[in-house]
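Per chain, numbering begins at 1; letters A, B, ... match sequence-line order.
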2 protein chains.
Amino acid sequence: MFHMLDIAILGLLMDRDHHGYEIRTQVRDRLAVSSNISFGSIYPALNRLERQGFVAAVVANEPRGNALSTGSLSGERASLRALRATQGLGRRSRKVYRITPRGREEFVSLLADPATLDDSRNFSLRMALAKYLTPSLRVTLLERRRTDLMKRLAEMQTGARNEQLDTYARSVMAHAAKGVELDLEWIDTLLSTERSNQQTFAPEAK
Amino acid sequence: MFHMLDIAILGLLMDRDHHGYEIRTQVRDRLAVSSNISFGSIYPALNRLERQGFVAAVVANEPRGNALSTGSLSGERASLRALRATQGLGRRSRKVYRITPRGREEFVSLLADPATLDDSRNFSLRMALAKYLTPSLRVTLLERRRTDLMKRLAEMQTGARNEQLDTYARSVMAHAAKGVELDLEWIDTLLSTERSNQQTFAPEAK
DNA sequence: GAAACATCATATCAAATCGATATATCGAAC
DNA sequence: GTTCGATATATCGATTTGATATGATGTTTC
């Protein structure tokens with residue numbers, strides 16, 4: 001229903017065209033997903049999205065006159081590679097995908113979806129794409145996440161105090177609890193930023 | 001090959017017998033896995049493990065004279081439920097699984113496996129079961145994880161400084177980096193504990 | 001006291017995802 | 001000069017997920 005990979009792919013395509021292999025690296029480098037998603041996920045997902053009319057294959061191995069280069073820049077000797085890439089030379093032929101108008105609609109509705117509470121991976125992905133959300137939707141999402149985390153924190157802290165567990169299991173619990181605390185601090189920072197921005201543009205009080 | 005769910009199930013069964021539903025709750029409460037694994041994973045996994053001879057179904061709805069109760073104790077009014085459970089009454093009939101000698105062998109070899117670097121979820125699971133590892137294997141595992149995290153930290157920090165990213169994406173990156181830092185602190189604490197223990201029992205220096 | 005709802009418990013299905021592998025080109029290293 | 005690593009797409013089987021079915025029993029509420 002709410003496939004996170006779809007959100008990631010569409011989110012990246014909102015910005016500019018990408019081919020499959022590039023999406024894989026970008027998910028890691030721009031969307032902060034710690035493990036590379038597998039090719040067995042990415043290519044079927046692109047086919048699915050194409051079938052549904054949310055993306056369209058633009059060209060294979062396009063000559064690309066636009067100066068957007070190939071992606072993972074910030075490389076030391078990226079200039080040479082970029083030169084080749086702009087000429088469409090080298091490598092196996094690429095299948096470049098572009099998001100369709102319907103895809104853009106689908107993306108924002110997926111991103112804002114009111115369903116399912118998300119785990120930390122999903123939530124991070126959503127936040128990495130939060131610029132496409134309205135301020136009020138951002139706040140809603142953040143508050144929902146905050147509630148989930150508060151509940152989870154209590155569970156973890158209880159677990160960390162469970163004397164039936166051995167040292168290692170308790171240590172894992174305690175560490176997990178600290179992770180949740182860190183998440184909560186982050187959420188609160190983001191929430192206060194959202195609120196001060198809201199106040200700037202739409203002053204309610206006074 | 002190195003199915004994490006198998007490790008979790010066998011790890012729980014090392015301690016005592018469990019039925020499927022109970023394993024699900026225990027993975028959360030004792031092994032600190034934050035989201036409940038689905039039934040579509042747990043029951044097929046148990047069948048698979050049974051087929052391979054690593055676990056055996058002991059009884060369905062056993063009268064259970066042992067006082068081990070039903071699991072998630074620490075409940076407020078657990079006494080009543082425990083009473084019923086000890087009598088084998090109530091609920092749909094349970095299929096209780098027990099680990100076999102071959103299963104125990106498989107478990108330790110899976111837990112100690114030298115292959116695949118694990119993500120944070122996998123690593124936490126391993127650590128929650130670390131009491132079944134030898135001290136030197138624990139140190140090996142911890143050091144390997146430490147190396148991975150150092151690498152990951154550098155990537156995240158680079159990402160957080162990437163000015164091509166918008167505020168939200170950068171914030172996610174920075175937060176992820178903090179998470180990795182927290183993980184590293186934890187690893188280092190565990191490592192120093194391991195080393196001081198090692199010194200206590202097998203003094204090398206002097 | 002019965003109707004409604006939550007919890008316990010196993011099971012199965014389609015769809016999604018993963019890990020591995022195949023294939024091929026190119027640049028770099030040795 | 002050839003092995004290695006990165007780029008690039010594709011597919012396969014096995015695993016995992018999310019949803020749903022089924023049913024018993026315990027708890028709450030009117």
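- Applying the side-chain hydrogen bond (donor to acceptor under 3.5 Å, both in side chains) rule to B/R104 yields no partners; only residues at least two apart in sequence or on another chain are considered.
- Residue A/H3 places none of its side-chain N or O atoms closer than 4.0 Å to OP1 or OP2 of C/dA15.
- When heavy atoms are screened at a 4.0 angstrom cut-off, B/G40 is found touching base atoms of the nucleic acid.
- The interatomic distance linking A/I42 (CD1) with D/dT7 (P) rounds to 15 Å, in whole Å.
- At whole-Å resolution of the value, CD in A/E22 and C1' in D/dT9 are 14 Å apart.
- Using bins of under 30°, 30° to 60° and over 60° for the plane-to-plane angle, the ring pair B/W186/A/H175 lands in the parallel bin.
- Residues A/A128 and B/V172 come closest through the heavy atom pair N-CG2, 3.5 Å.
- If you take CG of A/N36 and P of C/dA20, they are 14 Å apart, rounded to a whole angstrom.
- Rounded to whole Å, the distance from CZ on B/R94 to P on D/dT25 is 12 Å.
- Atom CZ in A/F39 sits roughly 17 Å away from atom P in D/dC12 (whole-Å rounding).
- Each ring pair (Phe, Tyr, Trp, His ring centres under 6.0 Å) pair with one or both residues in residues 138-174 of chain A, not counting sequence neighbours, would appear here, but there are none.
- For the helix from C/dG1-D/dC30 to C/dC30-D/dG1, the terminal axes (five pairs an end, C1' atoms, rotation from four pairs onto the next four) enclose an angle of 40°, given to 10 degrees.
- In this structure, A/Y21 reaches the D/dT7 phosphate: one of its side-chain N or O atoms is under 4.0 Å from OP1 or OP2.
- Using a 4.0 Å cut-off, no side-chain N or O of B/S38 falls inside it from OP1 or OP2 of D/dT16.
- Listed nucleotides D/dT11, C/dC18, D/dA10 differ in distance to A/R121; the shortest reach to its side chain belongs to C/dC18.
- Checking B/V27, B/N47, B/I37 one by one against B/I42, the side chain to side chain contact (heavy atoms under 4.5 Å, CB included) holds for a single residue, B/I37.
- The separation between A/L5 atom CG and D/dG18 atom P is 14 Å, rounded to whole Å.
- Side-chain N/O atoms of A/R48 include one lying less than 4.0 angstrom from OP1 or OP2 on C/dT17.
- Residue B/F54 forms a side chain to side chain contact (heavy atoms under 4.5 Å, CB included) with just one option from B/L13, B/I9, B/L49, B/L110, and that option is B/L49.
- Salt bridge absent: A/D183 and A/R152 never bring a charged side-chain N and a carboxylate O closer than 4.0 Å.
- The phosphate of D/dA10 has neither OP1 nor OP2 within less than 4.0 Å of any side-chain N or O from A/Y43.
- One finds no side-chain N or O of A/S41 lying less than 4.0 angstrom from the OP1 or OP2 phosphate oxygen of C/dA16.
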